[in-house]
Amino acid sequence: MPQQAPDSGRSSPPLTRDQLLVTAGVMAALAVAALDSTVVGTAMPTIIGQLGGLSEYSWVFSGYLLAATTTVPLYAKLADVHGRKPIFLVGIALFVGGSALCGLSHSMLELILFRTLQGLGAGAVQPIAYTIVGDIFDPLRRARMQGYFSGVWGISAIIGPAIGGVITQTVGWPWVFEVNLPVGLVAAIIIGLCFHERFERQPHRLDWAGAVLLTAGVALLLFTFAEAGDVFGWLSLPFLAILAASILLLAGFVAVERRSAEPIVDLSLLRDPLIGAGLAITTLAGIVMYGVLTYVPPLIQGVQGGSPVEAGAAVAAMSIGWPVGSVVGGRALIRWGGRPVVLAGTVLLVVGTVVLTQLVRFDALWVAMAGAGITGLGMGLASTTILVVVQSAVDWAQRGVVTGLVQFSRTIGGAVGIGLMGGILTAFVGSATSLILDPVRSASLDPAVLAGARRDLSTGLFWIFVILAVAAALSLVAAVRSMPAVRIDSGPLAEAGRPDGSVAADRAPAADRAG
């Protein structure tokens, strides 16, 4: 792709043909990843009915999440070492191949294994897609375009359950997975033909010890909070032993990275005020985001007696608010700089979560939709801004790593936060949750028993939303205290090209920090 000149004003040159095609390829990849994350849930009851294995239900999702999360830093480093295209294509191949095999599954064990293979591909697709966006657009254009990419994700997440239901009821549940094949292949072909990388390949020694320690530590940490707490008890000796083991593995990773000549994660990046603050805010925002997605539906259905459609509408409000916030945030970033936009986003996170704490008082769907929508608007403002300015703060050789860290920190924050909140909710409700949420079994309960269980669930969820409000407030505090003033429309050019000085994607001006 031709190099663009630095932006000296408020506008960017027209998009080239290759930029348009690569944008379409990236959007297709993001769409298929987003669809896969939502269509599967709709099909799972039918899948269980045909394959059995209700006890392994959670591992269909947990295996995917573990694989997709733990591999992000490794893929990000490989993308910086070997280029974006080959790693992205490997990720697409694993994702599409896993999808095809999922549709051919004859047992729940096979489905879990193939979903994990899908996750291995998904760990590359999303972060490298956003890294490619960082490569082909200058920061001004990148800020404007992020809203569209977030919109693709949001729309795909909204329509995913409906598509999953239609496919399952018509052609059968295997096609919920097989539908990924044509879209994934189109994305791979476009990126393979139209995204041109030119850089001098140099010998590298990948830090495999660090990669193994990080992957094992994060996998064990996610297992600790997603499964071990429920299986062994949150204060039991096995739970504490597994938690201690995960901490020791991650401590070993840090020790190895400090001595490594080419670390998987350059820990010095975390000392950069902009990157460190951005990751801290993103981690706390991840707790809020995943918390809303996880705990608003049981309140709508279990406490207020709403339908799954109403619960889906409440969650969809967040998916609508996010792309709107991204579009607004991208333009506000250009005009006012990063700090005020991130502050506005974190303020909205606080407002949205505070509104959600009132759900136990107001039995109204619009309250849930308002809280989720405001929270999504705040996520769009803060997340888009942080991603753009962090990508603009480093050169090409580190852009993959920092993009992966942004995605990684949000997922880790959400996964650990959900695990802890799940333990708190269980302490309030116990085993009654499944009875309340099952429309058939709840109808057979004694009205007094049902009312008492709903009160317990309401109390537990109230404290969950209080925790989300606290996490949102902490993200605001982190933004106020740590987020530096930063602009992307002025300042010197960063050396964001390839080592040989040739640039296939556009070179990006470094974020110009003030104050």
Any chance you could measure L66, atom CG, to T71, atom OG1, to the nearest 0.5 Å? 10.0 Å
Got a second to check how far L299's CG is from L461's CG, nearest 0.5 Å? 5.0 Å
Is a side-chain donor or acceptor of Q391 paired with a backbone partner of T403 at a separation under 3.5 angstrom? no
Minimum heavy-atom separation for Y290 and R410, please, with both atom names. CE1-O, 3.7 Å
From F465 CZ over to Q358 CD, what is the distance, rounded to the nearest 0.5 angstrom? 11.5 Å
Keeping R84 on the side-chain end and A129 on the backbone end, is there a donor-acceptor pair under 3.5 Å? no
One pair to check against side chain to side chain contact (heavy atoms under 4.5 Å, CB included): T353 and T357. What are the steps and the verdict? CA-CA 6 Å; T353 51; T357 63; 5.8 Å; no
Do S475 side-chain atoms and A472 backbone N/O form a donor-acceptor pair below 3.5 Å? yes
Distance check, rounded to the nearest 0.5 Å: T224 atom OG1 versus I242 atom CD1? 5.5 Å
Donor-acceptor contact present, side-chain Y75 to main-chain G400, <3.5 Å: no
So CG of L468 and CG of L356: to nearest 0.5 Å the spacing works out to 7.5 Å
V315 to P297 - nearest heavy-atom pair and separation: CG2-CG, 3.6 Å
State the CG-CZ distance between L78 and F88, to the nearest 0.5 angstrom. 15.0 Å
Any donor-acceptor N/O pair, H82 side chain to D80 backbone, under 3.5 Å: no
Please assess I275 against Q398 for the test side chain to side chain contact (heavy atoms under 4.5 Å, CB included), listing each intermediate value before the final yes or no. CA-CA 12 Å; I275 296 174; Q398 292 180 309; over 6 Å; no
Main chain of P127, side chain of T131: is a donor-acceptor contact present, judged purely on distance under 3.5 Å? yes
Do any N or O atoms from the side chain of T346 and from the backbone of L343 form a donor-acceptor pair under 3.5 angstrom? yes
Please report the shortest heavy-atom distance between I287 and A471, naming the atom on each side. CG2-CB, 4.1 Å
Minimum heavy-atom distance between G98 and L117, given as atom pair plus value: CA-CD2, 3.8 Å
Of all heavy-atom pairs linking I281 and I386, the shortest is CG2-CD1, 3.8 Å
Do W322 and S383 come within less than 4.5 Å of each other through their side chains, counting heavy atoms only? yes
